[in-house]
Amino acid sequence: MTIQPGAVPSANGDGTPAPQPVYSSVEEWVTSHFLPMFRRPLGGEYRWCAQWWRHAEAITRLTALWHTWEALRLQPGTGMATWLRDHLDHQLPVLLGRTGPFSMCSEDEHIDPRQATTEQPPPGWWDITLRPATPPASTGLPGSAADAEPS
């Protein structure tokens, strides 16, 4: 079997062209499909930022939703139901929720989220060295090493 010029072979190697995505980018998927389809009342429980592309977490979550949508739309029968249940229903409350990536923003104003800070650990903190096991120090309490009778 020959593959037509310009056709991309499918992942299963049977020579059939791989299905082309409906949308060419996450931006196109968000503006043409996601926002028109999954509308929510904004401002209370749900937040959105018109500059969503400034939020790295939002880009990651929306890209994951787009990629899984492109794959599962091709599954006959329950593909879209699976996408809704396993992907959208999980990501939507995180993405649009009060503590999600748009929590500081409104529809009209973008506010950069503050990045958490970190401190350097002390030298050797991550070193794993095997130390010989030492018996616990005597506490003088019943049941401690000092109470054990010699055999």
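Since this is a predicted model, take the numbers as computed values, not measurements. All values below were derived from every heavy atom in this structure, side-chain atoms included, with hydrogens, water molecules and symmetry-related copies excluded.
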Asker: So does L65 get a backbone contact from the side chain of W83, meaning a donor-acceptor N/O pair under 3.5 Å?
Answerer: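 Judged by distance alone, yes, a pair lies under 3.5 Å.
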
Asker: Measuring from atom CD of E45 to atom CZ of R40, what distance do you get when rounded to the nearest 0.5 angstrom?
Answerer: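 The distance works out to 9.5 Å.
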
Asker: Examine L92 and V94 and state if one hydrophobic cluster contains both, with Ile, Leu, Val, Met, Phe, Trp and Tyr joined whenever side-chain heavy atoms are less than 4.5 Å apart.
Answerer: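 Each belongs to a different hydrophobic cluster.
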
Asker: Group every Ile, Leu, Val, Met, Phe, Trp and Tyr by side-chain heavy-atom contacts under 4.5 Å, then state whether L42 and L62 land in the same group.
Answerer: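 The answer is yes; both residues are in one hydrophobic cluster.
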
Asker: Could you give the distance from OG1 (T82) to CZ (R85), rounded to the nearest 0.5 Å?
Answerer: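 It is 5.0 Å, given to the nearest 0.5 Å.
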
Asker: If you count the non-hydrogen atoms of other residues, nucleotides and ligands that lie under 6.0 Å from CE in M104, is the total more than 12?
Answerer: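 12 or below, so no.
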
Asker: Between W52, Y23, W29, which is the residue that forms a ring-ring contact (aromatic ring centres under 6.0 Å, His included) with F34?
Answerer: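 So, applying the ring-ring contact (aromatic ring centres under 6.0 Å, His included) to F34 and each of W52, Y23, W29, only W29 qualifies.
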
Asker: Identify the heavy atoms of P21 and E70 that sit nearest to each other, and give their distance.
Answerer: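 Heavy atoms only, the tightest pair is CA-OE1, 3.3 Å.
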
Asker: Can you hop from F38 to V22 via hydrophobic side chains spaced under 4.5 Å?
Answerer: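 Hydrophobic grouping puts F38 with V22.
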
Asker: Please report the interatomic distance SG(C49) to CG(D108), rounded to the nearest 0.5 Å.
Answerer: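 Answer for the SG-CG pair, C49 versus D108, is 10.0 Å.
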
Asker: Do the rings of W69 and H33 sit parallel, tilted or perpendicular, given the 30° and 60° boundaries?
Answerer: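 Rings of W69 and H33: tilted, 30 to 60°.
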
Asker: Quick check: closest heavy atoms across R47 and G97, and the distance to 0.1 Å?
Answerer: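 Answer, listing the atom of R47 first, then G97: CG-O, 4.0 Å.
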
Asker: Is it the case that the side chain of T78 and the backbone of A81 share a donor-acceptor pair, with hydrogens and angles ignored and the cut-off at 3.5 Å?
Answerer: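 Such a contact is absent between T78 side chain and A81 backbone.
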
Asker: What is the distance from atom NE2 of H90 to atom CG of L95, rounded to the nearest 0.5 Å?
Answerer: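 So the NE2 of H90 and the CG of L95 are separated by 10.5 Å.
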
Asker: For the pair F102 and W48, name the ring-plane relationship: parallel under 30°, tilted 30 to 60°, perpendicular over 60°.
Answerer: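 Perpendicular.
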
Asker: How many angstroms lie between atom OG1 of T68 and atom CG of L88, to the nearest 0.5 angstrom?
Answerer: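 Between T68 OG1 and L88 CG, I get 9.0 Å after rounding to 0.5 Å.
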
Asker: Side chains of C105 and H55: closer than 4.5 Å at any heavy-atom pair?
Answerer: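 In contact.
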
Asker: Side-chain heavy atoms under 4.5 angstrom apart, residues restricted to Ile, Leu, Val, Met, Phe, Trp, Tyr: same cluster for M80 and L74?
Answerer: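 Each belongs to a different hydrophobic cluster.
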
Asker: As an exercise, state the distance from CG of D112 to CD of Q51, rounded to the nearest 0.5 Å.
Answerer: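 Those atoms lie 8.5 Å apart.
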
